[in-house]
Amino acid sequence: MVDYLFFLEKSSAMESFATALGGNSGTIDGKSYQLACEAGHLLQTPSHPEAMVEDQDQDQFRSWQPEDIPWDLAKIKWRKEIIPSKRRYIDNLRKLSQDAKCIVIATDDDATDEGEMIAWEAIDYIHWHGKVMRCFFGDLETPTIQKAVRNLTPLTKSSEDGAYLKAWVRDRWDYCSMAETRLSTTYTQQAGYYSGPVNQGRLKSYILDLIYQRLQAIENYVRTPYYEVEYQDDQGHWYTRKVNTKDEEALAKLRHPDQAAAQTELTQYGPGTVANVKRTLKHQAPQQLLNMSMIDGILAKQGYTDSTLIKEVYQKLYDNKYLSYPRTDEKFVTTEQFKTMLATKDQVAQVVGVDPGLLTHTTPRPALVKEAASHGANHYGSNIPESLEQLARKMAALVKKDQAGKYAQAIYSLVVRTSLTLFGEDYEFEHVTAEIKEHPEFKTSFNLPKALNYKLILNHEEPSKDDQANDVGQRAQPSVVEGANPKPSQPTKEWIFKQLEKAKIGTPATQQSTVAEMSNAKGKTHLLKMNKDKIKFTERGQISALMCQGTFIANPKITKQLFDGMDQVKQFKKDPERVLATVNQVITHDKPVFELNAAQLHQVLGDPKPKNHGRKPKEKVAINWQGKTIQINRSWGSKTFTDEELKALINGETISFEYKGQPISGKLAEQTYQGKKYVGFLRNQPKKGD
């Protein structure tokens, strides 16, 4: 029997393990091993919750009606079923496990603990009761893998694995929260608006609310000008009087609501002399490295707005070891990663057009390089392309989507240049302060660059005014300057990601993938649309945003509490069922809020559009079906049933008629369309030869 059966998350990881260990099977320090892989999740929760409850409860769990929501979670018999297209992976795991002493979970390890769930779902499904161990690896580089397989962590069972329990809660909480979308949709439709689903979700709704509040602030913005006396020296630097911007009384003394008052004050001042110039030499180390959400936000400003393509291309760059693990939430690299990057920095720099002469800082900075066993921040990998053009061709062939090669070049250049700043020297500048001799209350301060150093490595940052500043002048003139209360800026992806990071909601990769799902321009259910890097709502997005106002599902504090609760589950400090139960607390709170919001849609959207766009609605007939009163369509296609035919159908009889030149027969039956069951005419399938 084989000692270790390593269970990898995908084929690309299996290939990297095979390279590192010497094949798909072999020995490690005298222990035999075999590699097997999954393809992401192999199992899924049934898409329809009624499939997991007793017969008498199915109508409630199938319903989208508010009176049937929320559900009694105790009635759900949770289970997973094989994704049909992935059955072969489960069968292979079951077969290989019969000749294994230990299964080693070697799936991805990230902040969501999704890899833990992917593995345990499959292991529990095949009823494995043997030994289980965990292999933690930060990347797919050979030294990392070789070290990881020699430092396995023993596990017992899924119910005693905190990482799995955390993912278990998140998975079921999100599943049950589909009731939020059902409520939002039903109340919207009852108000006469929009026929499709009105999506809600714990991260999605908060993003919608962020954008809505910002767009409202822009719409309601009223410019309030003010006029203030300032000095400007002969080098263009402005000298102002410093006061606390929150001190309205002090501000009122400086900022006049009308220009005439400011002109009157101006008469008190004459030409001035720049004095009390002070210079302080300062250094600034490279800033934090990038995560997926930051990468997406920066690329959007450059015109790369397809978040889904960014995600797909980056994954392929990682699978082929051009870049590091994409779903990391860390902002530093490990000591080992730094050493590896140091050895290849000059070669990588030449690929992206960075002067290797800028890479002279070879000592790790404590804030950016740490001794740790982790994925580390996004950085370049061991596989170095011959050129950006060669990289583009390869990625285009792998991803097989328009613009994939172009996106690959942009992603690779951005990540490489940012991670190369680890080897750039500190930015050096003089911090200059000065004042007007005759009126010292007028002061200025700015940074005067001395050596840009690591900033020369970057190309995604626009040069700041400080980087281009002139030295201080000698003489200054007073003038009246017009200002105004700042207008809120348009929402962008970069702005959204910063707000999510500030609220500590979601991992960078989850944030990025959620925005990708919401803004996929080719999707039928997308909520957002991009105008360069600016974000606007689709029709569905606007209604979803309006409906989530004031809800718990869109409240960042509630979502943060949920994330904290899941972390406590991982640490065995909180019962998983207790955290799962909070989903009904959220739904119970939001139910009347959705109803109220739907009643107010008219104020924003005006009259709803006719649902049938001028078409005559189908006639409905009430009948008794299996002890219940239901409604059925009186017609089938262009055929309208006569009273006699209708009576026969209600009695359960089969009827026959001619339809478009063809003989048709059938009777009433329960059917399913787009996940919803209904009763209607069901045509008998013609026999072969008919």
Side-chain angles (χ1 to χ4, degrees), residues 66 69-73 76 111-114 165-188 197-214 216-217 293 329 491 495-515 517-518 527-528 541 543-571 573-598 600:
I69 298 172
W71 305 324
D72 181 352
L73 302 185
I76 302 178
T112 67
D113 293 304
E114 192 75 10
L165 293 177
K166 174 185 174 181
W168 178 96
V169 172
R170 189 196 66 255
D171 181 62
R172 295 189 179 189
W173 203 102
D174 287 349
Y175 186 88
C176 293
S177 72
M178 74 166 69
E180 290 272 324
T181 292
R182 291 188 175 190
L183 286 170
S184 177
T185 300
T186 299
Y187 282 125
T188 299
V198 181
N199 304 79
Q200 305 296 340
R202 56 181 170 82
L203 187 56
K204 195 174 294 180
S205 296
Y206 178 52
I207 292 172
L208 289 169
D209 185 57
L210 275 174
I211 298 170
Y212 176 79
Q213 297 300 335
R214 175 51 63 92
Q216 283 295 105
S293 62
D329 61 348
W495 173 80
I496 287 174
F497 293 136
K498 286 181 179 179
Q499 299 305 308
L500 293 173
E501 182 179 22
K502 183 178 179 180
K504 298 181 179 179
I505 294 180
T507 66
T510 302
Q511 295 165 359
Q512 194 272 341
S513 62
T514 301
V515 172
E517 177 188 349
M518 295 172 69
L527 306 174
L528 308 175
I543 293 178
S544 294
L546 290 168
M547 287 297 292
C548 75
Q549 294 306 296
T551 61
F552 274 179
I553 197 69
N555 189 314
K557 292 183 179 178
I558 299 298
T559 302
K560 180 64 166 56
Q561 289 174 10
L562 173 61
F563 286 140
D564 290 344
M566 291 191 296
D567 287 337
Q568 288 179 306
V569 166
K570 182 175 182 177
Q571 300 163 15
K573 294 180 179 179
K574 189 166 282 189
D575 178 25
E577 296 284 357
R578 181 181 173 187
V579 177
L580 176 59
T582 63
V583 69
N584 276 355
Q585 296 174 18
V586 171
I587 294 169
T588 300
H589 172 274
D590 290 351
K591 183 174 173 179
V593 179
F594 283 134
E595 184 175 18
L596 178 62
N597 288 346
Q600 298 174 339

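For the pair M178 and W71, the minimum side-chain heavy-atom distance is below 4.5 Å. Contact annotation: the side chain of Q216 approaches that of Y212 to within less than 4.5 Å [non-hydrogen atoms, C-beta and beyond]. For the pair L500/S293, no side-chain contact is recorded, criterion being any heavy-atom separation below 4.5 Å from C-beta on. In this structure, I558 and Q561 have side chains that are in contact, with non-hydrogen atoms separated by less than 4.5 Å. Under the 4.5 Å side-chain criterion, counting only non-hydrogen atoms from C-beta, E180 is in contact with F594. Under the 4.5 Å side-chain criterion, counting only non-hydrogen atoms from C-beta, N555 is not in contact with T559. In this structure, the side chains of S184 and N199 stay at 4.5 Å or more apart for every pair of heavy atoms. Counting only heavy atoms from C-beta outward, the side chains of P66 and E595 never approach each other to under 4.5 Å.
Note that CG of L210 is 11.0 Å distant from OG of S205, once rounded to the nearest 0.5 Å. Annotation: the span from I211 atom CD1 to L528 atom CG amounts to 4.5 Å, rounded to 0.5 Å. Put simply, CG on L562 and CE on M566 are 4.5 Å apart, with the number rounded to the nearest 0.5 Å. In this structure, CD1 on I543 lies 11.0 Å from CG on L527, to the nearest 0.5 angstrom. Between the OG1 atom of T514 and the CG atom of L203 there is a distance of 4.0 Å, given to the nearest 0.5 Å. Between I496 atom CD1 and E501 atom CD the span is 14.0 Å, to the nearest 0.5 Å.
Smallest separation of non-hydrogen atoms from G565 and V579: O-CG2, 3.9 Å. The two residues I587 and C176 have their closest heavy-atom pair at CD1-O, 3.9 Å. Closest non-hydrogen pair, I69 versus A179, comes out as CG2-CB, 3.7 Å. Between Q499 and Y206, the shortest heavy-atom contact is O-OH, 4.2 Å. The heavy-atom pair separating P491 from R214 by the smallest distance is CD-CG, 3.8 Å. Smallest separation of non-hydrogen atoms from F563 and G506: CE1-N, 3.2 Å.
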request  = Test Y187 against V198 for side chain to side chain contact (heavy atoms under 4.5 Å, CB included), laying out the working first.
outcome  = CA-CA 10 Å; Y187 282 125; V198 181; over 6 Å; no
task = Run the numbers on L208 and M518 for side chain to side chain contact (heavy atoms under 4.5 Å, CB included), then give the verdict.
result = CA-CA 9 Å; L208 289 169; M518 295 172 69; 3.7 Å; yes
inquiry  = Let's go through N584 and L73 carefully: what are the C-alpha distance in whole Å and the side-chain angles of both, what is the deciding distance for side chain to side chain contact (heavy atoms under 4.5 Å, CB included) to 0.1 Å, and is it a yes or a no?
reply    = CA-CA 9 Å; N584 276 355; L73 302 185; 3.6 Å; yes
Step-by-step side chain to side chain contact (heavy atoms under 4.5 Å, CB included) determination, K570 to L165 = CA-CA 6 Å; K570 182 175 182 177; L165 293 177; over 6 Å; no
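Put simply, the side chain of K166 gets close to the backbone of A111: a donor and an acceptor are under 3.5 Å apart. Listed for the T551 side chain is a donor-acceptor partner under 3.5 Å among the backbone atoms of C548.
Under the side-chain contact (heavy atoms from CB on, under 4.5 Å) criterion, Q213 pairs with D209, Q549, sequence neighbours left out.
In this pair, H589 and F552 present their aromatic rings parallel. The plane angle is below 30°, not in the 30 to 60° band.
For the 3.5 Å distance criterion, the side chains of T181 and Q200 fail to qualify, holding no donor opposite an acceptor. Side-chain contact check for Q568 and K573: no donor-acceptor pair (N or O, by modelled atom type) lies under 3.5 Å. In summary, the side chains of T510 and T507 do present a donor paired with an acceptor at a separation below 3.5 Å, with no hydrogens or angles considered.
For K204 and E517, the salt-bridge test passes: some basic side-chain N is under 4.0 Å from an acidic carboxylate O.
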